[in-house]
Amino acid sequence: MLKPLGDRVVLKVEKEKEETVGGIVLASNAKEKPQTGKVIAVGDGKMLDNGQKAVPSVKVDDKVLFDKYAGTEVKYDGEDYLIVRDSDIMAIVD
Amino acid sequence: MLKPLGDRVVLKVEKEKEETVGGIVLASNAKEKPQTGKVIAVGDGKMLDNGQKAVPSVKVDDKVLFDKYAGTEVKYDGEDYLIVRDSDIMAIVD
Amino acid sequence: MLKPLGDRVVLKVEKEKEETVGGIVLASNAKEKPQTGKVIAVGDGKMLDNGQKAVPSVKVDDKVLFDKYAGTEVKYDGEDYLIVRDSDIMAIVD
Amino acid sequence: MLKPLGDRVVLKVEKEKEETVGGIVLASNAKEKPQTGKVIAVGDGKMLDNGQKAVPSVKVDDKVLFDKYAGTEVKYDGEDYLIVRDSDIMAIVD
Amino acid sequence: MLKPLGDRVVLKVEKEKEETVGGIVLASNAKEKPQTGKVIAVGDGKMLDNGQKAVPSVKVDDKVLFDKYAGTEVKYDGEDYLIVRDSDIMAIVD
Amino acid sequence: MLKPLGDRVVLKVEKEKEETVGGIVLASNAKEKPQTGKVIAVGDGKMLDNGQKAVPSVKVDDKVLFDKYAGTEVKYDGEDYLIVRDSDIMAIVD
Amino acid sequence: MLKPLGDRVVLKVEKEKEETVGGIVLASNAKEKPQTGKVIAVGDGKMLDNGQKAVPSVKVDDKVLFDKYAGTEVKYDGEDYLIVRDSDIMAIVD
């Protein structure tokens, strides 16, 4: 199991379907859209200046919206995950 | 539903009408004007250094003025939204 | 009405009269001079690290001196305003 | 009257006499020397993180030494002043 | 023995097996994957602003995931180690 | 007299003797050595975030070691001084 | 004697033996290895934001590992020393 540290969150990214027309990959919009993923594991929370830990803002199984370029890709047990910081997650999608 | 995290705010942007003369798009003023939008959802507020959360300065349905280049565009349920930080909102328009 | 947020202040800028000689605009001094304006509206004050708000240092109707390049131009109800941060205002002109 | 805000100080700069030999302006030393000025007005002091204000380190009529490139020139009532931050003043000259 | 200071952690890195085909080293994926290592020694923890020390988030013998470019290589007693900061460790691999 | 403000210290620099061979100035070592000076005057100490002042770490007449490129040269009463910050002084030479 | 200030530490560096083969200096490894030294003197500790001093993490006679490019070389009484900051020391070598 991957146990993220501090304010890190392990996500399973939902693949973007590339739009194609007759097999040709269409250039996506100039302005990048954020991506969605599912929360797999959550760290203990960010260490604050006073030594306490901030409560993470997401929990396991939340579907979240994050910036496409945030985080680090991790391969674990043959699966791809993304480790992002709690603050890189913009919104929970209910 | 989109539930923004921390100091983030979900806005529905009011489209700028491009001024045209005879179908020609006129170059806007050199100095960019800010844009207006309506607040759709508000996060819990920014995490302060002491672990408490700041009270957000806007509420749902406020009409707000924000910098044109702030935030991230989000498509959700076929609608376009903008997620900005509370601090990128300059003023409430009454 | 424009209700500025946080440490922002709405100003009505006093137009600089461009000096001209026979209709020719004279190059102003190399070193930029600050400009003056009248305070139209004042935000609640800057959020401090401890969650409290700083008392703004200007009030409505103050005539103030600010840096020419500070702030964002806003058009509202056909009038031009400037939104600056409290800290960009250098002095009150009595 | 000019009432400086926060940690700002209004100075009346003492003109440097340019050294000339037979009307030719001599290049000053490569390493810039600081300049002196007289304190005309002092702000309330810098806002600290805890919301209190720091006591300014100079008072009206102090003769002070400051960095030549610090501050903003202001013309007021036909007189030139310089507005600097308290922290740009290096020493009081007794 | 190496006794790391502050928020530093001494790791024994697990060598990545370079994939080769017929002796040719294959270019790895464009996006760098993080690496794993075993914790050998842990410092006392990061000095906080209030003078206290943060509790380190890993302990000796933990298998950890860290960014490939983090840390400093150290040779000690004929063995290679890597000294990283606690905050460069992304996750514990159980 | 020069009364330095805050964490500033007035030093009288000890001139480095340039090494010459037959009148030719020899290039000093590539890695710059720090210089020594005598403390002439000390400010009240650096303003801390809580509004208190830090006790300066040097006193008048201390012989100190400082970085060659730190500080600002000041000419006062025909004498050259250097104003440095307390934190630019590396060591006291007993 | 050299009395380092604040979080500074005076080290006596252990010379690296350059590896040579038949008198030719061999290029060291591309990735720089840190160096070791012996602690000669330790400052009072870093001034914290609350005005207190952090306890230094090394003591006189400790053998330490530091980054090769950290610190400032000092010549004193014909001997070469290195002054580094406490935080540049990575580990104590027992």
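Numbered from 1 within each chain, the chains take letters A, B, ... in sequence-line order.
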So CG of A/L65 and NZ of B/K75: to nearest 0.5 Å the spacing works out to 13.5 Å

All heavy atoms of B/L2 vs all of A/A91, minimum pair found to be CD2-CB, 4.3 Å

Between the CZ atom in B/R8 and the OG atom in A/S57, the distance rounded to the nearest 0.5 Å is 8.5 Å

If one checks every heavy atom of A/S87 against chain B at 4.5 Å, the contacting part turns out to be backbone

Applying a strict 4.5 Å limit to non-hydrogen atoms, the region of B/I83 in contact with chain A is side chain

In this structure, NZ of B/K3 is separated from CG of A/D62 (nearest 0.5 Å) by 7.0 Å

Does NZ in B/K46 sit with more than 12 non-hydrogen atoms of other residues, nucleotides or ligands closer than 6.0 Å? no

All heavy atoms of A/D94 vs all of B/Y76, minimum pair found to be O-OH, 3.5 Å

Turns out that what part of B/M1 lies under 4.5 Å from chain A's heavy atoms comes down to both

Applying a strict 4.5 Å limit to non-hydrogen atoms, the region of A/V64 in contact with chain B is neither

